[in-house]
Amino acid sequence: MIVRVLDIGIAGLLLGGIYALIAVGLTLQYGVARVLNIAHGEFIMIGAFITWSLYIIFGINPLLSLAICGPAIFTIGFLLYRTLFRRLRISSASPAAFEGSSMLACFGLLFIIQNLAILIWGADIKGYSYLAFPIRFWGQTFAANRLITLGFALAIGLIFYFFLTWSRLGKAIRAAAQDAAAAELMGINIDQVLALCFGFGALMAGLGGTLLSMSYKIQPTMGLEYTVIALIVIVLGGLGSIPGSFIGGLLLGLVGSIVTYIQPGLSLVAYYLLFMLLLLAKPTGILGK
Amino acid sequence: MPVLEGKGLTKYFGGLVAVSNVDLHVDEGEIVGLIGPNGAGKTTLFNLISGALPLRSGTILFKGQKISGLKPYEICRRGVARTFQSIKVFPDMSALQNVLLGSYFGVSPGMSSMEALREAKEILEFMGLSASSATRARDLTLASQKRLEVARALATKPQLLLIDEMMAGLNPTEVAQAIELVSSIRKNGITIIMIEHVMKAIMNVCERIIVLHHGQKIAEGTPQEIVSSETVIKVYLGERARAAS
Amino acid sequence: MDIARVISKRSSALWAPFLILILLASLPLCAPQYTIILLTTIFMYIVITVSWTMFSGPTGYISLAPAAFFGVGVYTSALLGLVLPLPAIIGIGGLASFCLALFVGALTLRLRGTYFVMFTFGLVELLLHFVLWWEVNITGTTGRVVPTVNNTKVFYFMLIIFVILMFALYTIRGSRFGLALEAIGQNEDAAAHTGVNVTMVKVITFAISAFFMGAAGALMATRWTYIDPKIAFNPLLSFMPVLMAIFGGMGQLYGPIIGAAIFAYLEEFLITRFPYYYMLIFGTIMVIAIVYMPEGLVGLIRRLLKSSTEGRHART
């Protein structure tokens, strides 16, 4: 019994690590840059497919791909903000109007990215085998790639957390999250900071995608499901809270693995029910006031 | 019997006390002024009475019936109307439509369209807005927008009207007109509580003044009593007097 | 004189749509089957887009649930297709969506707009996965066969749904309920303090708009003959009405109709031959429309017309 609980718990953490990473990415984009990025999952998908291509075509180690995918997707995100969202932000009458129009623009991005990916890679399910050998501890077997995924997800999350807390740029980002207008008055180049935030959000998604591709099958239409999960997690963690989304991600992973153990196929349904209950009971999230 | 009675009204924002254990009563036909420095909790008190914010503790009675805990629209339909400090007209609706909404959904929602229309026009006339009844609210001047807010509130046929800073930002002529309007609203039998920073207006029209400071009621009385009250001079008028000198 | 002009203007506004309607209704007598099928699809998109605009236009709450309500209609048709006549199925499909929307609306429309977007976005995925799980694990099927109805009949029913929808829309717009809805979109707080039960007005409008989506779904299912959860709850149907309405322009009643007609027509030509290019173009137009045409096609044309007439005045 205890072994089984442990089994479910660790499986949940493995799943939750990825959720946490992609949710932190969305929090940066929504909580700070005010863009409710419905195309978030597409950045995950892009990360996964770039990793897949590099591995299949050039034989590049997926872990090395982290260093390639990350900067590439960061640049895409950064440029998207500088061109598209900055323009929308300036032309919007109010922050609420910007939230609406930027979200709708993200729909457009969703279609563009997803269909470009289908045109490039085809619509089929893909996958590769990397570090798929079993590792045993506490009397349980786990696939090595999943453990590495978890390790990297936690490490990236921690590094980013320290970056936000200690670095100058991190402090500017947190200031912008509190009050963009005031931050601007304090001499922060707000356009730059918001664009960086959007870029970092895309980066997290891209890294999440790379890690995902090591242990799950991938497909150009996979993004939507991860977007929904990331949305649920950021509500769970309280909109805009980075530690909240990290913890929320891990928690949702646990819920997912428990439900998968009881009734496979219903995990997304369970997430959604949790989401509904949370909205009713405590719309400010688990760490909210 | 008082029209409005509040007992032990308390509200916190996080750890911050916004309104603390305030008792108040307003009699029928009175004009009561609510004054105090910025952040004293005046608008919060209005938000509590009108149901925009839930009370932390305390009860509010309107004509002897409990209204605390009701939703804003229910409180409005009982006969409490309000205006907003930061103007909240419906910007893309005409002045007439703004007021019509009040006639349709206020205290007597069952009214026929013709009747509502007639009433809305009467109220616009009364507020001196007849000429701009077809103008979109966003195109009105600040003074007219403020009057439109009062007109919309009046259209709900309230017995108690809460006016939040009607005079701020108006020029002296407009202030004089606004004072005139407040007095004539009262003559129609409507009880009024008004938040105001323009002292001239408060001293002119109010029969009784309540002073809030840091969320607490520190004084209450006629304009004469308030002007000569030691505590009030110290916390409120004193600041101004010193600033002016 | 003024009154006479108003009356004549009003009657021409009444007669024009009536004539178009008669024209459309007599079309099956002479037009080929292909045209009828194409028109049915176009009207399906118009119905979904206009009913989406009915709620999301005035209130500004962006609903991503159309696919959910449409799918509920589709499954009603699949479950009851053999037992009940078509009008009853359409009605029940609509009612089922209406009830779902009442429930979802009551839960979420008290909350901030962002939560509403997320919630409706997830609703489609939830229903899709739940029905998928149910069909595989409980009923042991993957898809269902829906009894077919002839194309002309489907066309007429779609036209009827459209007419009822337009009638409902006009009635709401002209009523005090419609005024309240508009007020909510412009300032929800002020509306609440003016005696409007904002939650109720929002929830009821949301449910009415869902009714038409469900009805359209129930009807369209009869044309597809085979359906499965992925066809019924296709998330694309949630995004389409948003784009079509924005592209057409939501300021005017006919904006969404024009937007839906253009895209439905484009889709017909492109989706069979170049499906992914179509979607790519779709996304690109969406981004361009949001950045460069905030008032949509109708707004853009109006602005162009206005500036050209102003230019002429300036010259004379």
Side-chain angles (χ1 to χ4, degrees), chain A residues 30 34 36 38-39 83-85 87-88 91-93 96-97 99-120 122-123 220-221 224-225 227-232 234-235 239 263-273 275-280 283, chain C residues 56 60-62 64 103-104 106-108 110-138 230 235-236 238-240 242-243 245-247 274-292 294:
Chain A
Y30 180 62
R34 292 277 136 209
L36 187 56
I38 300 285
T83 51
L84 176 62
F85 296 115
R87 205 194 152 94
L88 282 176
S91 64
S92 295
E99 242 175 75
S101 63
S102 64
M103 187 188 69
L104 293 172
C106 288
F107 286 144
L109 287 179
L110 188 160
F111 287 109
I112 295 172
I113 299 172
Q114 195 181 92
N115 290 285
L116 272 180
I118 294 178
L119 290 171
I120 296 169
T221 50
L224 214 56
E225 190 177 321
T227 306
V228 172
I229 288 169
L231 284 174
I232 293 174
I234 66 168
V235 173
L239 290 181
Q263 187 56 260
L266 275 185
S267 55
L268 209 65
V269 177
Y271 295 165
Y272 199 73
L273 287 177
F275 180 55
M276 279 166 94
L277 290 176
L278 195 80
L279 277 186
L280 288 180
Chain C
S56 295
Y61 279 79
I62 297 168
L64 293 180
F103 176 70
V104 170
L107 280 183
T108 53
R110 296 172 300 135
L111 301 163
R112 274 176 49 181
T114 317
Y115 286 119
F116 180 75
V117 178
M118 296 183 186
F119 200 89
T120 51
F121 186 63
L123 184 67
V124 181
E125 293 281 308
L126 168 84
L127 285 176
L128 168 63
H129 283 86
F130 179 72
V131 176
L132 208 59
W133 174 85
W134 182 273
E135 294 283 57
V136 171
N137 291 288
I138 310 290
K230 289 198 167 159
L236 195 60
S238 281
F239 300 129
M240 286 302 232
V242 185
L243 172 75
I246 288 171
F247 180 75
F274 320 102
Y276 305 125
Y277 285 104
Y278 166 70
M279 300 297 294
L280 194 64
I281 295 169
F282 177 92
T284 314
I285 294 178
M286 186 150 185
V287 173
I288 292 173
I290 289 158
V291 177
Y292 294 100

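We name chains A, B, ... by the order of the sequence lines, and we start the count at 1 in each one.
- Ranked by heavy-atom pairs under 4.5 Å with chain A, the first of C:V117, C:V242, C:L128, C:L127 is C:V117.
- How far OH of A:Y272 is from NE2 of C:H129: 13.0 Å, rounded to the nearest 0.5 Å.
- Contact of A:I229 with chain C is not made at all, since no heavy-atom distance falls under 4.5 Å.
- The choice from C:F239, C:W133, C:F121 that makes the most heavy-atom pairs within less than 4.5 Å of chain A is C:W133.
- Residue C:I288 does not touch chain A at all, counting heavy-atom pairs closer than 4.5 Å.
- Interface residue A:S101: backbone and side-chain heavy atoms are both found under 4.5 Å from chain C.
- Between the CZ atom in A:F111 and the CD1 atom in C:I285 there is a gap of 12.0 Å [rounded to 0.5 Å].
- Using a 4.5 Å cut-off between heavy atoms, C:Y292 touches chain A through its side chain atoms alone.
- Using a 4.5 Å cut-off between heavy atoms, A:L36 touches chain C through its side chain atoms alone.
- C:V291 touches chain A through backbone and side chain together, each having a heavy atom under 4.5 Å away.
- Top candidate by heavy-atom pairs under 4.5 Å with chain A, chosen from C:L123, C:L236, C:N137, C:L107, is C:L123.
- Both the backbone and the side chain of A:L116 come within contact range of chain C, judged by heavy atoms closer than 4.5 Å.
- Shortest non-hydrogen contact noted between C:I246 and A:L104 is CD1-CD1, 3.1 Å.
- Using a distance-only test at 3.5 Å, with no hydrogens or angles considered, no donor-acceptor pair links the side chain of C:Y276 to the main chain of A:Q114.
- Within a 6.0 Å radius of CH2 in C:W134, other residues, nucleotides and ligands contribute 12 heavy atoms or fewer.
- Comparing A:L273, A:I113, A:L119, A:L266 by how many heavy-atom pairs each has under 4.5 Å with chain C, the most go to A:L266.
- At a 4.5 Å heavy-atom cutoff, C:V136 makes no contact with chain A through either its backbone or its side chain.
- Considering C:L243, C:V287, C:L64 in turn, C:L64 is the only one that fulfils the side chain to side chain contact (heavy atoms under 4.5 Å, CB included) rule with A:F107.
- Only the side chain of C:F282 has a heavy atom closer than 4.5 Å to any heavy atom of chain A.
- At a 4.5 Å heavy-atom cutoff, the contact between A:L231 and chain C is made by backbone and side-chain atoms alike.
- Taking A:L224, A:L109, A:L110 one by one and counting their heavy-atom pairs under 4.5 Å with chain C, the maximum is reached by A:L224.
- Within the 4.5 angstrom heavy-atom criterion, atoms from both the backbone and the side chain of C:L126 approach chain A.
- Separating the CD1 atom in C:I290 from the OG atom in A:S91 is a distance of 11.0 Å, to the nearest 0.5 Å.
- In this structure, chain C has a heavy atom under 4.5 Å from the side chain of A:Y30, while its backbone stays farther away.
- In terms of heavy-atom pairs under 4.5 angstrom with chain C, the leader among A:V228, A:I118, A:L84 is A:I118.
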